[in-house]
Amino acid sequence: MASFEGQSPEDRYGLSCPSGGSFYICATSRIRFLGCCGIDPYSKGGECPADALYPASYVNYSGLHQSCVTPYDESEWYTCDFTAPKFMGCCTRNPCSEGCPNANLIPAQLVDDDSIAAPFLSQPSSNTSTSTMPGTPSQTETGVGEGVPSSDTAKEPSHTSTSRSTWLIVGLSMMGIIVFLVLVGRMIWWKKRENIWEFHNQKRHRPSSPRNENDN
């Protein structure tokens, strides 16, 4: 197994710009731009104008999905293994099946959560990495948005199991209370019933008073 220790993200994943521009990872800029740009986005706070934006590619990447600049979000992020060259970045339509013309290309950016952006933060390059490597089709095609399933579902919040456990505890507690109240109610009912039986038994066996002799 090849070791990626000490490699930049560009080298580790074969990040490239097959149509032009240079690959930038602006991890410390106001906008954490990620992708290919014809100018230096560092000088503009991480902004890459639409007329300087180019599609990015890669050789081998299966990490978590990143995001797209406002007003877009991670739902427009795609990685397409079946296109030639492979596509990585943001597009307003599904580039994995329809391609992404320049009019549909939008800037990508690292997510705010560094644990998810980590693949591009480890041993980052200083500014640029330029390549014309087209990349070869592989076996998977992943993306987020427009019905394309993503293999990067690890980002989703994991509150479901916690919520189910909470509702289970609440339900069991309420069931215990109901059972307790039913038992108490039956005990009270049986106690009242015993008192009624005892009263009738005493009344039935009470000795009758002697009759007056004058009645004879």
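When reading the values below, keep in mind they use all heavy atoms of this one structure, side chains included, and skip hydrogens, waters and symmetry mates. Numbers here are sequence positions counted from 1.
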Heavy-atom closest contact (Cys90 atom, Ser67 atom, distance): SG-O, 3.3 Å
Ile25 and Pro9, any side-chain heavy atoms less than 4.5 Å apart: yes
Rounded distance [0.5 Å steps], SG in Cys36 versus OH in Tyr54: 10.0 Å
Residue pair Asn60 / Tyr13, side-chain heavy-atom distance below 4.5 Å: no
Among Asp73, Leu34, Ile31, side-chain contact (heavy atoms from CB on, under 4.5 Å) partner for Gln109: Ile31
Closest non-hydrogen atom pair, Ala27 against Leu121: CB-CD2, 3.5 Å
Path from Ile177 to Ile188 over hydrophobic side-chain contacts below 4.5 Å: yes
Main-chain N/O of Cys96 paired to Thr83 side chain as donor or acceptor, under 3.5 Å: no
Which atom of Val111 lies closest to which atom of Gln66, heavy atoms considered: N-OE1, 3.2 Å
Closest contact, heavy atoms only, Tyr61 versus Pro119: CE1-CB, 4.1 Å
Approximate separation, where rounding is to 0.5 Å, of His65 NE2 and Glu76 CD: 11.0 Å
Co-membership, hydrophobic cluster, residues Leu181 and Val184, 4.5 Å side-chain: yes
Spatial distance of atom SG (Cys17) from atom OH (Tyr24) [nearest 0.5 Å]: 9.0 Å
Approximate separation, where rounding is to 0.5 Å, of Tyr78 OH and Cys68 SG: 9.0 Å
Heavy-atom pair of closest approach, residues Cys91 and Ile106: N-CG1, 3.8 Å
Enclosure of Asp112 CG (heavy-atom neighbours >12, cutoff 6.0 Å): no
Ring centroid separation Phe23 to Phe120 under 6.0 Å: no
Reported CG-to-CD1 distance for the pair Leu53 and Ile39, which is rounded to 0.5 angstrom: 10.0 Å
Check: Ser173 and Val170 side chains under 4.5 Å, non-hydrogen atoms: no
Backbone of Asn104 reached by a side-chain donor or acceptor of Arg93 within 3.5 Å: no
Closest heavy-atom pair and its distance - Phe87, Pro55: CE1-CB, 4.0 Å
Hydrophobic cluster membership, Trp77 vs Tyr72, 4.5 Å side-chain cutoff: no
pair Arg32-Asp114: side-chain heavy atoms closer than 4.5 Å: yes
Point-to-point distance, once rounded to the nearest 0.5 Å, from SG of Cys80 to CG of Asn94: 6.5 Å
